[in-house]
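Remarks on the structure that follows.
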Amino acid sequence: MQTATNYKILVVDDDPDIVEMLQYNLTREGYEVSEAGNGSIALEVAKAVKPDIILMDVMMPVLDGIAACRQLRELEEFRNTHIIFLTARSEEFSEVAAFEAGADDFITKPIKPRALLSRLAAFARRDAQQEEENKVIEVGDLRIDRTSFTVYKGDTKITLPKKEFELLSFLAATPNKVFSREELLNNVWGTDVYVIARTVDVHVRKVREKIGEENIKTIKGVGYKFNND
């Protein structure tokens, strides 16, 4: 089982001072750190080093962070990689656009190293907890394998990005129970991660597009449930 300090991290930012600061603090904690100066280079480095976590600036030359994230999520080997955006307060930045592209979280600059390290440790803890949970969930014609991160609907294999998979497996683990958006945010994204309620809606829509509208039901004014009727 991996621990926080043997994760590989790719830092992507066009500001060399930020890259140097992050590399220093992460390396000191035992992380293996690679770097890239823009989204285009990040794609090549990521393919070479297979990072567990990518810290990526939003506004960069050549290829911005959102476009790079979208391209990474289209590749099978990066569907489960944690991608965290770095963004300045003054930038025009859409959280919805970030999560639509496949981001797991975002951190606002100036970056506080201690807060960043705490956030990274939280991701590692959730990974460890998920490894210890039930490995397979079968509900109706869906088979959700938490070990291989695969979903089958009947005989058809469906590939979901990490957060979509976690959302589906969480709902399916307790069919017909209604969860509020806040409960889903806390259980799937965690209390250490700052995301908005709209993020849940975006991910539910994406899951429905892939497994069908009938499995996840909206309970107006309350939240969502996995339908097992």
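It should be emphasised that the depicted structure is a prediction, and the values quoted were computed from it without experimental measurement.
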| message | In the structure I gave you, are the side-chain heavy atoms of Leu75 and Lys47 within less than 4.5 Å of one another anywhere? | response | yes

| Check: Glu100 main-chain N/O paired with Lys206 side-chain donor or acceptor under 3.5 Å | yes

| request: For the residue pair Glu20 and Glu35, establish whether any side-chain heavy-atom pair is separated by less than 4.5 Å. | output: no

| Is Lys210 atom NZ crowded by more than 12 heavy atoms from other residues, nucleotides or ligands, each under 6.0 Å away? | yes

| query | Do you know which two heavy atoms are closest between Ala36 and Ile41, and how far apart they sit? | reply | CB-CG2, 3.7 Å

| said: Please tell me whether Tyr24 and Leu120 are part of a single hydrophobic cluster in this structure, the criterion being side-chain heavy atoms less than 4.5 Å apart. | reply: no

| Between OG1 of Thr81 and CD1 of Ile9, what distance do you get to the nearest 0.5 Å? | 12.0 Å

| said: Holding to ring-ring contact (aromatic ring centres under 6.0 Å, His included), I want the full list of residues that pass it with Phe78, two or more places apart in sequence or in another chain. | reply: none

| How far apart are the closest heavy atoms of Ile211 and Leu168, and which atoms are they? | CD1-CD1, 3.7 Å

| Any side-chain heavy-atom pair from Asn25 and Leu116 closer than 4.5 angstrom? | no

| field | Shortest non-hydrogen contact between Phe123 and Ile84, atoms and distance | value | CE1-CD1, 3.5 Å

| task | Classify the ring geometry between Tyr7 and His82 as parallel (under 30°), tilted (30 to 60°) or perpendicular (over 60°). | result | parallel

| Is Tyr224 close to Arg181 at the side-chain level, that is, under 4.5 Å between some pair of heavy atoms? | yes

| task | Check whether any side-chain N or O of Asp57 sits under 3.5 Å from a backbone N or O of Val12 as a donor-acceptor pair, and report yes or no. | result | no

| Is any side-chain heavy atom of Leu167 less than 4.5 Å from a side-chain heavy atom of Ile216? | no

| request: Find out whether Met21 and Pro113 are in side-chain contact, i.e. whether some heavy atom of one side chain is under 4.5 Å from a heavy atom of the other. | output: yes

| Does Lys217 use its side chain to pair, donor to acceptor, with the backbone of Asn227 at less than 3.5 Å? | no

| field | Between Asp145 and Tyr152, a side-chain donor and acceptor under 3.5 Å | value | no

| Steps toward salt bridge (Lys or Arg N to Asp or Glu O under 4.0 Å) verdict (Asp13, Lys109) | CA-CA 12 Å; Asp13 201 299; Lys109 299 176 181 178; 2.9 Å; yes

| message | Closer than 3.5 angstrom, by distance alone: can the side chain of Arg208 be matched with the main-chain N or O of Asn215 as a donor-acceptor pair? | response | no

